[in-house]
Amino acid sequence: METSQDMIALLRRRGIYDPRLLEAFAQVPRHKFVMPPHRLLAYGDFPLPIGHDQTISQPYIVALMTDLLKVQPGDKVLEIGTGSGYQAAILAALGMKVYSVERIPALYEAARARLEALGYKVHLRLGDGYEGWPKFAPYQGIIVTAAIPEVPPPLWEQLAEGGHLVLPQGSPGSYQTLRQITKTQGRWSATDWGAVRFVPFVHAEA
Ligand code: SAH
């Protein structure tokens, strides 16, 4: 059974060296983001169930995606797919202004109560993240934590100049490509970071 320190050691072995990022992982109590009986396994490098057929991502993927956002303290970051709130807490611990959207009411409520109890200031919204959160745009970083075939146009519009959008792009139910999309002078460039597996992004077409 891994401890928080084991998790940090593993992140280092897998190439996560940024001391600020490792410090955020050391600070955020991951076991509080999963329910018993999964709590004992909270610091292993694998995803875990959080109810409603959803999962909290494995620590390494949370670290990699956070790193790929290339954001600085004070930057605004939009997350689509709050889930347990763990990714949002890591971003908040790094000093970002975090905005996160979740579509499942029970997960939204649980994440809100949890983040508040732990003292993380995160702005949460219940709804379809396909539309992003225009009110606080633009965002220096946008992270999507559910598998999606194409980038929703509203998310591209809400990305700041020089910002990065990080998402598992591809069909749900199989593997997706972890993709980092950068906006430079309004133009798009993409870098791929390997295969990942995420739960589906659910978008109810109008
Ligand atoms: N980042 C989360 C893991 C998320 S799992 C964590 O740290 O725990 C993916 C989440 O995306 C699920 O909670 C799912 O309900 C949510 N989701 C899927 N489609 C969505 C959509 N269109 N808008 C908002 N949230 C969505």
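Indexing begins at 1, ligand by ligand and atom by atom, following the structure's order. Just so it is clear, the structure is predicted and the values come from calculations on it, not from any experiment. Because only heavy atoms are used, hydrogens play no part in the values below, and waters and symmetry mates are left out as well, while side chains stay in.
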Going by the atom numbers of ligand 1, which of them fall below 4.0 Å from some non-hydrogen atom of [X]?
X      : answer
Gly129 : 21 (C), 22 (N), 23 (N), 24 (C)
Thr55  : 3 (C), 4 (C), 5 (S)
Gln87  : 1 (N), 7 (O)
Ser84  : 6 (C), 7 (O), 8 (O)
Pro200 : 18 (C)
Ile104 : 15 (O)
Leu107 : 13 (O)
Ile56  : 8 (O)

Just to confirm my output: which protein heavy-atom neighbour is closest to [atom], and how far is it?
atom                    : result
atom 11 (O) of ligand 1 : Gly81 CA, 3.2 Å
atom 13 (O) of ligand 1 : Glu102 OE1, 2.7 Å
atom 9 (C) of ligand 1  : Thr145 O, 3.3 Å
atom 19 (N) of ligand 1 : Val202 N, 2.9 Å
atom 20 (C) of ligand 1 : Arg103 CD, 3.4 Å

Ile50, any N or O under 3.5 Å of ligand 1 N or O: no
Geometric N/O contact His203 with ligand 1, under 3.5 angstrom: no
Sidechain-backbone polar pair: Gln54 side chain, His52 backbone, donor-acceptor under 3.5 Å: yes
Main-chain N/O of Gln185 paired to Glu161 side chain as donor or acceptor, under 3.5 Å: yes
Arg112 with Glu109: basic N within carboxylate O range, under 4.0 Å: yes
Lys/Arg-Asp/Glu bridge criterion (N-O < 4.0 Å) met for Asp128, Arg103: no
Give the contacting part of [X] toward ligand 1: side chain, backbone, both or neither, where contact means a heavy-atom distance below 4.0 Å.
X      : answer
Ala88  : neither
Glu79  : side chain
Val199 : side chain
Gln54  : side chain
Asp128 : both

In the structure I gave you, are the side-chain heavy atoms of [X] and [Y] within less than 4.5 Å of one another anywhere?
X      : Y      : value
Ser57  : Phe198 : yes
Lys97  : Val77  : no
Tyr175 : Val196 : no
Leu22  : Tyr17  : no

Whether Gly127 lies under 4.0 Å from ligand 1, heavy atom: yes
Ligand 1 contacted by Thr82 (non-hydrogen, < 4.0 Å): yes
Residue from Gln5, His31, Arg30, Glu2 passing side-chain hydrogen bond (donor to acceptor under 3.5 Å, both in side chains) with Tyr43: His31
Donor + acceptor pair across side chains of Gln158, Trp133 (<3.5 Å): no
More than 12 heavy atoms from other groups under 6.0 Å of CD on Glu150: no
Aromatic ring pairing Tyr86/Phe33, orientation class (parallel under 30°, perpendicular over 60°, tilted between): perpendicular
Residue of the set Val144, Ile143, Leu167 for which side chain to side chain contact (heavy atoms under 4.5 Å, CB included) holds with Met65: Ile143
